[in-house]
Amino acid sequence: MKPIIELKNVSVSYGVGKSNEVNAIKNIDLQIFPGEYIVFFGPSGCGKSTLLYTIAGLESATEGDVIVADRNLNTIHSGDLISFYRDTIGMVFQAFYLVAHLSAKDNMMLSKMFSGVSVAEREKRADELMLKFGITEYSDRKPGMMSGGQQQRTAIARALMNDPEIILADEPVGNLDSKNSEIVLELLAKINREEKKTVIQVTHNPKDTHYADRVFYMKDGMIERVVKNAKAARSSTGQGEMSEFERLSQMNPDLSHLGVQAKLMMRSLLMPYDITTEQRIEEIIEKFLKKEISKMDLLKYLDDSKIGAGLYSQKARRITDIIDDSTKEISKINEVRSSNVSADTQVKTEAMIVRKHLLDHYLGKCSLEQCQRLERGISARIANEISEEQFRTFLSNPIKKDGVGLNRLTAKKFSKEVELVTSK
Ligand code: ADP
Ligand code: MG
């Protein structure tokens, strides 16, 4: 499927060349597909609004290409830009921005005033939307006489008046209590589901991300990681299966990518320890992943009972080796990801690297047939054509039944490792 929104190496800076220059977003690459519900999530000041406004054509990229609904916003003519604002993009803001002296219905009709549509038709569209959104009874009310939730529902209805393909909502529930937040988010989800609109919602609150197909975690003007939601994972694999990385990411929305990776490594290597030890080990692993400490330091910390985790020496050494190896695989894979090879070659190369790593560690040797199947299975898993569960079944199925023929425990360990080294 072709993306409806595509950003290629996009940076946006404010006050370029001045002493107060701010690089609000940096080298962002992203693709969003028709009908997706996307959330941009991150702390205040990380560049969420800037990114959203750049997609809306309200900020222009200092660098890179912004392509929305087949238009390159860098080269678009001003006439086309107006029809782009009017027909392609619907915006929703935290502060609603309804005109104070107009009724709810007139606020909605205002947005269609310049589109050459008759008053009667505009009224019809407004009535339909209000009915659908359960706000018909507020039709004649001015914003001052409505609750925040009612005002935001009106503002969303207004954004839909011209039937745009894309709805962009900047902190749409930032001013609402939790009950009204849920009503408004449910409404956005409904528009996404029933009207097939592509929705991008910005939020700094981890509680407001649950309708997303994918959550883009942002930090310091960059997208740190992209996490699929349970709902999306269900529809893409038919199994309700999330990878362990995705599950941990969701449970720990404030952790960095490396933080989640550290947690994952810790889980698959060390369970079970008490919480304090777990936390200490995670911190140490993360330091190592960030290259703040060396392999020797890692071993020392894991081994040391005073400053570190106090594991038995032998165990500390084994764990250090595995972490070190996995890290090398991760960086090899990242290298492949950032090089300019085709997606197909990329998946194949990743599969080869992962297979080699796993064979080195767990199997030693296997038959040619097994190796080939393994590599095909890993490719399919990396390309997300099969779920983690399906992959595990494939590994443990007997060779006669087209499986790889590993025993269940090895299959489980194996698939865990694949998730570990391939999680983005
Ligand atoms: P968020 O929406 O995640 O809070 P923003 O996109 O609003 O983040 O801001 C990102 C960075 O850009 C911040 O450091 C902010 O101060 C700065 N910034 C945003 N808008 C402007 C502007 N118009 N002029 C100068 N700096 C800005
Ligand atoms: Mg903002």
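For the single chain, residues carry numbers from 1 onward in sequence order. Just follow the structure's listing: the first ligand is 1, and inside any ligand the first atom is 1.
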Just jot down the ligand 1 atoms closer than 4.0 angstrom to any heavy atom of A24, in number order. 10 (C), 11 (C), 12 (O)

Please list, in number order, the atoms of ligand 1 under 4.0 Å from a heavy atom of S44. 4 (O)

Looking only at protein heavy atoms, identify the closest one to atom 6 (O) of ligand 1 and say how far it is in Å. T50 OG1, 2.5 Å

Would you say that more than 12 heavy atoms from the other residues, nucleotides or ligands in this model lie under 6.0 Å from the OH of Y14, or not? yes

In Å and rounded to the nearest 0.5 Å, what is the CG to CD distance from L7 to Q31? 10.0 Å

Test salt bridge (charged side-chain N to carboxylate O under 4.0 Å, His left out) applied to E389 and R392, step by step: CA-CA 5 Å; E389 179 71 41; R392 210 156 42 222; 3.5 Å; yes

Nearest non-hydrogen protein atom, atom 7 (O) of ligand 1: S49 CB, 3.8 Å

Nitrogen or oxygen of G45 less than 3.5 angstrom from that of ligand 1: yes

What distance separates K18 NZ from S13 OG, expressed to the nearest 0.5 Å? 12.0 Å

Could you point out which residue of K196, K197, R86 forms a salt bridge (Lys or Arg N to Asp or Glu O under 4.0 Å) with D163? K197

Going from CG on N23 to OG1 on T50, what distance comes out if it is rounded to the nearest 0.5 angstrom? 11.0 Å

Starting from atom 25 (C) of ligand 1, which protein heavy atom do you reach first, and at what distance in Å? Y14 CB, 3.3 Å

Test item, G42 contacting ligand 1 (heavy atom, 4.0 angstrom): no

Note: V22, heavy atoms under 4.0 Å from ligand 1, region reported as side chain

Using 2.8 Å as the cut-off, count the protein N, O or S atoms closer than that to the Mg ion (ligand 2). 1

I'd like to know if the side chain of E6 reaches the main chain of A69, judged simply by a donor and an acceptor atom lying under 3.5 Å from each other, with no hydrogens or angles considered. no

Please examine the side chains of L395 and F391, heavy atoms only from C-beta on, and report whether any two atoms are closer than 4.5 Å. yes

Does any part of the side chain of V202, heavy atoms only, come nearer than 4.5 Å to the side chain of L51, both counted from C-beta? no

Nearest protein heavy atom to atom 8 (O) of ligand 1, by residue and atom, and its distance? G47 N, 3.1 Å

Search all heavy atoms of N107 against all heavy atoms of R158 and return the closest pair with its distance. O-CD, 3.6 Å

